[in-house]
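Below is one structure, written out as structure tokens, with a few remarks after it.
FYI, side chains are in, hydrogens and waters are out, and symmetry mates aren't considered; it's all heavy atoms of this structure. Below, chains carry the letters A, B, ... as their sequence lines are ordered, and counting in each starts from 1.
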Number of protein chains: 2
Amino acid sequence: MKHTPSRATGRPTLAQVAARAGVSQITASRALRSIATVDPQLAIRVHDAAKALAYVPNPAARTLASARSHSILVLVPALSNHLFIETLEAVQDVLRPRGFEVLIGNYHYRQDEEEELIRNYLSFQPCGILLTGFNRSETAAQLLTNAGVPCVYMMELRQEEGIVCVGFSQEAAGAKVADHLLSRGRRKLVFVGAQLDARVLQRRDGYQQAIARAGLSPAIEIMTPEPSSVELGGDLFNQLLAAHPDTDGIFFCNDDLAFGASFEALRKGVAIPERISVVGFNDLPGAGQMVPRLTSVRTPRATIGQQAAASLLKLLDGETPEIPALDLGFELMIRESS
Amino acid sequence: MKHTPSRATGRPTLAQVAARAGVSQITASRALRSIATVDPQLAIRVHDAAKALAYVPNPAARTLASARSHSILVLVPALSNHLFIETLEAVQDVLRPRGFEVLIGNYHYRQDEEEELIRNYLSFQPCGILLTGFNRSETAAQLLTNAGVPCVYMMELRQEEGIVCVGFSQEAAGAKVADHLLSRGRRKLVFVGAQLDARVLQRRDGYQQAIARAGLSPAIEIMTPEPSSVELGGDLFNQLLAAHPDTDGIFFCNDDLAFGASFEALRKGVAIPERISVVGFNDLPGAGQMVPRLTSVRTPRATIGQQAAASLLKLLDGETPEIPALDLGFELMIRESS
DNA sequence: GATTAGTAAGACAGCGCTATCTCAAAGTCG
DNA sequence: CGACTTTGAGATAGCGCTGTCTTACTAATC
């Protein structure tokens with residue numbers, strides 16, 4: 001008798017399931033993968049056998065044999081912004097129950113890091129990729145194309161043949177904020193931006209365009225590539241007050257900046273909204289509790305994650321989503337700060 | 001001539017690297033894995049060949065052949081608390097450069113979900129697991145033991161043979177807060193807790209014990225199993241004021257609760273710290289910018305992630321960390337709110 | 001009733017890598 | 001100097017699964 005090979009995992013294998021069900025291994029494989037060409041009766045026998053043995057497929061073997069994993073890569077520019085956390089959670093909620101493994105890559109808003117992550121993670125042969133926005137290096141884009149892995153883009157929209165994306169119009173959101181501030185009689189408008197990724201710039205553009213449409217001179221721009229934070233918001237606010245004391249309306253590209261500014265305003269006795277109206281972006285947790293309660297644009301980040309995952313599943317099934325560029329809109333939450 | 005099998009990945013394989021280096025496949029394998037028994041000269045030849053071919057190992061094949069992946073599972077109770085994000089980032093920063101794939105599991109503070117995640121992810125044969133705390137279901141613990149995968153526990157400490165953990169004493173942190181409030185002359189102390197996971201309760205215990213040591217009657221406890229949030233903090237604060245108007249010191253188990261309470265205090269004109277001293281926990285971003293600036297316990301969550309990952313790497317190398325239960329301490333950041 | 005088409009099940013051969021065993025060459029010792 | 005250990009490299013045999021080709025059968029067609 002040959003001894004049992006020591007390097008076996010010890011877990012039941014497909015062969016054992018097949019033996020127990022009295023079918024061939026390949027039939028068991030097909031039955032468990034719900035492939036149509038298996039007799040329903042046999043399929044039931046196989047499933048029963050699998051359950052009885054507590055069989056769990058070996059993903060490595062499956063990936064090796066099929067040259068395609070069941071893992072899905074999600075690339076986000078940051079985890080520190082709560083926004084992306086909600087998107088990730090939604091993505092996981094859709095994909096994990098369907099048996100997919102979700103790999104999370106954080107590229108810290110750096111193109112080179114994103115490229116590196118793509119390069120590394122492609123070696124895992126993911127069966128699909130969820131990406132944030134369209135702004136990436138040529139090489140990264142090329143790697144994705146060459147890999148031939150289905151991709152769905154999140155957050156931004158682009159109407160283009162073969163591109164599947166889920167998001168909302170960052171420009172429209174920026175414009176909406178401008179219109180709102182203008183409707184409140186504000187005329188000395190400012191845009192405060194940090195991080196300066198593509199989406200921040202799109203919001204800025206929409207904001208400025210709306211101001212231009214109203215026949216006013218462009219908003220002053222206070223911008224820094226530093227990562228957005230509460231502390232930075234306070235600093236930029238102080239800087240702004242010193243340089244442009246007559247400012248009467250500010251659009252912060254992210255809520256945390258607005259939070260920091262609000263704190264400084266309280267400290268300095270700058271009346272919000274009486275003297276300056278303040279609007280944030282993303283409606284992060286706490287915006288509605290701030291003093292004063294912060295007006296902000298509520299973005300559908302969870303729904304974006306959910307729908308992006310759903311679209312990717314469609315692509316994996318060989319279908320095309322009926323709406324390739326899905327616009328989920330946004331909502332301006334008008335509160336006390338404006 | 002036999003046709004090239006269509007299901008090949010198309011990527012260069014180890015066999016090609018070996019051929020190019022003029023060695024056998026297994027020697028190439030050993031060279032690339034830096035196994036000592038390979039002649040340095042040969043090893044260099046192999047590495048050159050690999051570089052020339054842009055060879056990337058196939059993780060699935062590796063996992064299948066060795067019955068052990070290069071992925072490490074990290075289980076955290078939540079992503080919504082910024083605390084764990086920082087831990088995760090630190091873990092990734094240590095493990096990714098070493099070639100490990102980091103799998104993130106979020107169990108939403110639910111034991112059943114954690115158990116399910118462990119069950120699922122064990123099928124990926126992770127080579128190590130990082131866990132949060134010690135509080136989990138019997139079954140989950142059993143699964144981990146049976147799997148024989150090295151584990152490192154984060155956040156809490158336990159001196160026990162065979163347990164490797166990195167964290168700090170939650171009790172000591174709670175006690176420190178109590179001592180601080182007492183040193184400020186506060187006598188009507190309150191503990192406000194949400195989520196009520198094991199660590200919150202440990203902080204509470206340390207807090208109460210320090211109060212008892214000072215010979216005072218126990219702090220009033222306002223506790224709810226709801227998830228911690230800014231909004232909830234405001235609600236609990238209002239509730240507390242109504243029920244115990246003479247309160248003069250509050251310890252919130254997490255900063256977001258303290259944030260919400262501070263906002264409500266501003267709104268209601270309750271003077272912090274004159275009438276009530278407030279202390280938070282974790283020193284989350286923004287705590288130092290609050291109005292008033294929030295006193296909080298700064299927890300070493302990033303270092304915990306880093307050291308936990310380092311300890312796990314040691315375990316994977318067959319070594320034991322010199323300090324199995326690594327206490328990284330904490331720091332009370334005394335600011336305006338107390 | 002013979003031929004064709006269609007379908008379900010199986011045989012076979014890997015996917016790309018590593019564990020294990022084997023063997024030759026070099027080094028060690030009394 | 002021969003027997004014995006050590007060491008480096010290769011041969012072999014899978015890991016557990018799925019793609020592809022084949023075969024056995026049933027149903028459909030004239």
Side-chain angles (χ1 to χ4, degrees), chain A residues 2-46 50 53-70 99 122-125 127, chain B residues 2-46 49-50 53-70 99 123-125 127:
Chain A
K2 211 175 160 198
H3 75 107
T4 308
S6 58
R7 53 208 189 93
T9 43
R11 298 198 320 220
T13 71
L14 187 59
Q16 291 171 35
V17 174
R20 190 173 227 259
V23 299
S24 75
Q25 188 171 325
I26 188 66
T27 300
S29 170
R30 290 198 268 246
L32 293 176
R33 282 180 294 155
S34 324
I35 287 178
T37 64
V38 177
D39 184 89
Q41 295 258 330
L42 277 191
I44 291 172
R45 287 230 310 270
V46 171
L53 292 171
Y55 169 75
V56 180
N58 182 323
R62 172 174 287 186
T63 302
L64 182 59
S66 65
R68 182 123 295 193
S69 76
H70 268 208
L122 279 180
S123 78
F124 292 97
Q125 298 165 280
C127 59
Chain B
K2 212 176 161 202
H3 76 109
T4 308
S6 59
R7 53 210 188 89
T9 43
R11 299 198 321 222
T13 70
L14 186 59
Q16 292 171 37
V17 174
R20 197 182 167 121
V23 299
S24 75
Q25 187 172 325
I26 187 65
T27 301
S29 169
R30 289 198 267 246
L32 292 176
R33 282 181 293 154
S34 327
I35 287 179
T37 63
V38 178
D39 184 88
Q41 296 258 331
L42 277 191
I44 291 171
R45 287 230 310 272
V46 171
L53 292 172
Y55 169 74
V56 180
N58 182 322
R62 174 173 286 185
T63 302
L64 182 59
S66 65
R68 181 123 298 190
S69 77
H70 267 206
S123 78
F124 291 97
Q125 297 165 278
C127 59

Quickly work out the [X] [atom1] to [N] [atom2] distance and round it to whole Å.
X: A:Phe124; N: C:dC15; atom1: CZ; atom2: C1'; answer: 17 Å
X: A:Leu14; N: D:dG19; atom1: CG; atom2: C1'; answer: 14 Å
X: A:Ile35; N: C:dG10; atom1: CD1; atom2: C1'; answer: 14 Å
X: B:Arg11; N: C:dG16; atom1: CZ; atom2: C1'; answer: 10 Å
X: B:Asn58; N: C:dG16; atom1: CG; atom2: P; answer: 7 Å
X: A:Leu53; N: D:dG16; atom1: CG; atom2: P; answer: 14 Å
X: A:Arg68; N: C:dG16; atom1: CZ; atom2: C1'; answer: 17 Å
X: A:Leu64; N: D:dG14; atom1: CG; atom2: P; answer: 17 Å

Inset, instruction - Would you confirm whether B:Gln125, through its side chain, and B:Ala67, through its main-chain N or O, come within 3.5 Å as a donor-acceptor pair? - result: yes
Inset, instruction - Examine distances only and state if a side-chain atom of B:Arg45 and a backbone atom of B:Ala21 form a donor-acceptor pair shorter than 3.5 Å. - result: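 Side chain of B:Arg45 to backbone of B:Ala21, a donor-acceptor pair under 3.5 Å: yes, one is there.
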Legend entry - Heavy-atom closest pair, residues B:Gln25 and B:Ala15: OE1-CB, 3.6 Å
Legend entry - Closest contact, heavy atoms only, A:Ala50 versus A:Val17: N-CG1, 3.8 Å
Legend entry - Steps toward side chain to side chain contact (heavy atoms under 4.5 Å, CB included) verdict (A:Val23, A:Val38): CA-CA 11 Å; A:Val23 299; A:Val38 177; over 6 Å; no
Inset, instruction - Rounded to the nearest 0.5 Å, what's the gap from CD1 on A:Ile26 to CG on A:Leu14? Could you check? - result: 8.0 Å
Would you say a side-chain N or O of [X] is under 4.0 Å from OP1 or OP2 of [N]?
X: A:Ser29; N: D:dT18; answer: yes
X: A:Arg33; N: D:dG19; answer: yes
X: A:Arg62; N: D:dC15; answer: no

Legend entry - Listed nucleotide nearest any side-chain atom of A:Ala65, set C:dG16, D:dC17, D:dG19: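 When the side chain of A:Ala65 is considered, D:dC17 is the closest of C:dG16, D:dC17, D:dG19.
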Inset, instruction - Rounding to 10 degrees, work out the angle separating the end axes of the helix from C:dG1-D:dC30 to C:dG30-D:dC1 (five pairs an end). - result: 30°
N/O contacts under 3.5 Å, protein versus nucleotides 22-24 of chain C?
none

Please list, for nucleotides 9-11 of chain D, all pairs of protein and nucleotide N/O atoms separated by less than 3.5 Å.
{"from": "D:dA9", "atom 1": "OP2", "to": "B:Thr37", "atom 2": "O", "distance (Å)": "3.4"}
{"from": "D:dA9", "atom 1": "OP2", "to": "B:Asp39", "atom 2": "N", "distance (Å)": "2.6"}
{"from": "D:dG10", "atom 1": "OP2", "to": "B:Ser24", "atom 2": "N", "distance (Å)": "3.1"}
{"from": "D:dG10", "atom 1": "OP2", "to": "B:Ser24", "atom 2": "OG", "distance (Å)": "2.8"}
{"from": "D:dG10", "atom 1": "OP2", "to": "B:Thr27", "atom 2": "OG1", "distance (Å)": "2.3"}
{"from": "D:dG10", "atom 1": "N7", "to": "B:Arg30", "atom 2": "NH2", "distance (Å)": "3.0"}
{"from": "D:dG10", "atom 1": "O6", "to": "B:Arg30", "atom 2": "NH2", "distance (Å)": "3.4"}

Inset, instruction - Only pairs at least two apart or in different chains count here, so list each side chain to side chain donor-acceptor pair (under 3.5 Å) that has a residue in residues 14-24 of chain A. - result: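 For residues 14-24 of chain A, and leaving out neighbouring residues, the side chain to side chain donor-acceptor pair (under 3.5 Å) pairs sorted by first residue read A:Ser24-A:Thr27.
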Please tabulate, one pair per line, all N/O donor-acceptor pairs under 3.5 Å involving side-chain atoms of residues 53-65 of chain A, not counting sequence neighbours.
{"from": "A:Asn58", "atom 1": "OD1", "to": "A:Ala60", "atom 2": "N", "distance (Å)": "2.8"}
{"from": "A:Asn58", "atom 1": "OD1", "to": "A:Ala61", "atom 2": "N", "distance (Å)": "3.1"}
{"from": "A:Thr63", "atom 1": "OG1", "to": "A:Pro59", "atom 2": "O", "distance (Å)": "2.8"}

Legend entry - Contacts of A:Phe124 that satisfy ring pair (Phe, Tyr, Trp, His ring centres under 6.0 Å) - sequence neighbours left out: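 Counting only residues at least two positions away or on another chain, A:Phe124 forms a ring pair (Phe, Tyr, Trp, His ring centres under 6.0 Å) with A:Tyr121.
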Legend entry - Set of side-chain hydrogen bond (donor to acceptor under 3.5 Å, both in side chains) partners for B:Thr13, sequence neighbours left out: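 By the side-chain hydrogen bond (donor to acceptor under 3.5 Å, both in side chains) rule, B:Thr13 matches no residue at all.
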